[in-house]
2 protein chains.
Amino acid sequence: MFVKLGCMRKSADEAQQTRERIVAAGVMQSSVEGLFGLTLGPLAESLGMSKAGVVGPFGNREGLQLEVVRQAADMFTAAVIEPSATTADGLPRLRALIDAWCEYLEASPFPNGCFVTAASCELDGRPGPLRDAMHDVVSRWRGFLREHITIAQAAGDLRGDPDDLVSILNGAAMSANQEIQLLGDHAAAKHARRIMHACIAQLQP
Amino acid sequence: MFVKLGCMRKSADEAQQTRERIVAAGVMQSSVEGLFGLTLGPLAESLGMSKAGVVGPFGNREGLQLEVVRQAADMFTAAVIEPSATTADGLPRLRALIDAWCEYLEASPFPNGCFVTAASCELDGRPGPLRDAMHDVVSRWRGFLREHITIAQAAGDLRGDPDDLVSILNGAAMSANQEIQLLGDHAAAKHARRIMHACIAQLQP
DNA sequence: CCTACCGATCGGTAGG
DNA sequence: CCTACCGATCGGTAGG
């Protein structure tokens with residue numbers, strides 16, 4: 001029984017590791033080819049697996065795509081939000097978020113820049129679970145930004161309309177992502193960082 | 001000979017009209033499904049034509065995709081640039097461009113919002129003629145914006161760094177497009193318009 | 001601009 | 001997690 005339990009646990013761990021390997025490779029492929037360019041054949045080949053082995057743990061392709069979106073959102077959180085976890089809420093945290101955000105735009109954990117921006121554009125006109133998932137990811141990130149803006153305002157550290165600042169900061173990041181990925185502007189991340197901090201500075205009392 | 005010329009001209013006109021019908025339908029399909037979601041079967045069916053008839057005038061699928069990109073760029077120009085053609089260069093033109101731009105974001109000639117933003121995200125990691133074409137479209141539009149910013153500055157109507165303003169305005173438009181298309185925020189276009197004009201106003205001497 | 005067809009690849013499944 | 005297979009669809013072409 002001990003042996004059997006050990007074996008089962010080991011199998012479950014291995015199965016979980018396999019799932020993670022598949023999702024990780026799926027994130028990489030989706031970053032370049034899009035979520036609808038995530039095809040099972042090439043994904044299986046890149047992993048040295050069969051198509052059935054790749055799609056099995058997720059039921060079908062859409063199940064895998066959903067896990068890819070979730071994993072990409074986790075990677076965004078790890079890169080942009082977590083580094084400032086111990087920074088004081090409000091304006092200090094906002095400044096730390098800007099720095100991590102622009103660092104993320106420049107040295108992206110994805111091969112093709114901001115996965116969230118790319119998936120937002122790809123999915124915004126295609127109703128379904130994938131679009132719903134991206135809607136959640138984007139609106140939670142914007143809500144998180146807005147929360148720290150309002151905290152900064154309550155502390156008397158910031159003026160202006162919170163939604164304006166959310167749109168400006170978010171827009172600066174999207175524009176920088178275009179400058180880096182499409183236009184090949186290597187200075188764009190630092191440029192965006194300077195712009196974002198200037199917007200904040202301008203709104204201080 | 002006159003008859004023959006007449007017939008040839010009529011045929012050429014009809015062929016041209018067919019090309020335009022195909023490209024127009026291709027723009028609609030690409031706006032929702034992406035340029036790599038532009039498939040010949042469904043496109044042909046939506047036109048009541050055969051696949052061969054749809055792809056023939058363009059050689060192959062990529063030739064059609066290129067024409068779709070060109071046509072979408074023309075539609076952007078017609079909606080955003082042309083309405084201000086008779087407005088004075090510099091700050092007046094810049095203000096008119098902002099108004100038309102936000103109107104374009106709200107009442108888009110495409111079924112799925114800004115085609116330029118969507119295609120930029122879809123193509124930025126996929127080298128080839130399509131990416132090159134989008135690079136051209138985006139850098140020419142940004143250059144046009146920058147030109148009128150520098151004219152306004154030379155006239156003493158505007159302060160600040162031109163590239164900063166290009167990125168901020170462009171970013172505000174991309175963020176508004178996300179708010180409209182993904183988040184369903186019907187006020188986003190007017191919000192962006194107010195933000196853009198406020199940025200301009202803030203940079204006046 | 002059509003029909004009829006090509007090989008390749010798609011997502012998915014049966015069975016082990 | 002594999003092999004072997006399914007029907008459907010892909011882009012493209014020959015011939016008219």
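First the proteins, then the strands, lettered A, B, ... as listed; each starts at 1.
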Task: Glu67(A) and Gln71(A) side chains, donor-acceptor separation under 3.5 Å - done: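 Their side chains do not contain a donor-acceptor pair, so the 3.5 Å distance test is not met.
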Open item on the list: Just by distance, no angles: are the side chains of Thr18(A) and Glu14(A) close enough, under 3.5 Å, to form a donor-acceptor pair?
Closed with: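 No, because no side-chain N or O of Thr18(A) sits under 3.5 Å from a partner of the opposite role on Glu14(A).
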Closest to the [X] side chain: [options]?
X	options	result
Arg61(B)	dC1(C), dG12(D), dA14(C)	dG12(D)
Ser50(A)	dC2(D), dG12(D), dT3(C)	dC2(D)
Ala52(B)	dC10(D), dG12(D), dC2(C)	dC2(C)

d([atom1], [X]; [atom2], [N]) in whole Å:
X	N	atom1	atom2	answer
Phe36(B)	dT9(C)	CZ	P	17 Å
Glu62(B)	dG12(D)	CD	P	9 Å
Leu47(A)	dC2(D)	CG	P	10 Å
Met49(B)	dG11(D)	CE	P	15 Å
Lys51(B)	dC5(C)	NZ	C1'	10 Å
Glu45(A)	dT9(C)	CD	P	10 Å
Asn60(B)	dA14(D)	CG	P	14 Å
Leu64(A)	dG12(C)	CG	P	10 Å

- [ ] Would you please confirm or rule out a distance under 4.0 Å between OP1 or OP2 of dG11(D) and any side-chain N or O of Thr39(B)?
- [x]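 No, because none of the side-chain N or O atoms of Thr39(B) sits under 4.0 Å from OP1 or OP2 of dG11(D).
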- [ ] Have a look at Leu38(B) and say if it touches a base, only the backbone sugar-phosphate, or nothing, with a 4.0 Å heavy-atom cut-off.
- [x]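 Touches sugar-phosphate only.
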Open item on the list: Considering every strand and a 4.0 Å limit on heavy-atom distances, what is the contact class for Gly63(A): base, sugar-phosphate, or nothing?
Closed with: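 Since no nucleic acid heavy atom lies under 4.0 Å of Gly63(A), the category is nothing.
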Open item on the list: Taking Arg131(A) first and then Asp124(A), would you say they form a salt bridge - that is, a charged N and a carboxylate O separated by under 4.0 Å?
Closed with: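 No salt bridge links Arg131(A) with Asp124(A).
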Task: Presence of salt bridge, Lys51(A) and Glu45(A), under 4.0 angstrom - done: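 No, no charged N to carboxylate O under 4.0 Å.
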Open item on the list: Checking base pairs now: Watson-Crick or wobble, both atom distances under 3.5 Å. What partners dC10(C)?
Closed with: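 Partner of dC10(C): dG7(D).
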- [ ] Provide the Watson-Crick or G-U wobble partner of dG15(D), both distances under 3.5 Å; none if there is no partner.
- [x]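 Paired with dG15(D), as far as the under-3.5 Å criterion goes, is dC2(C).
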TODO: May I ask you to check whether Tyr104(B) and Phe76(B) place their ring centres under 6.0 Å from each other?
DONE: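 So the answer is yes for these two rings.
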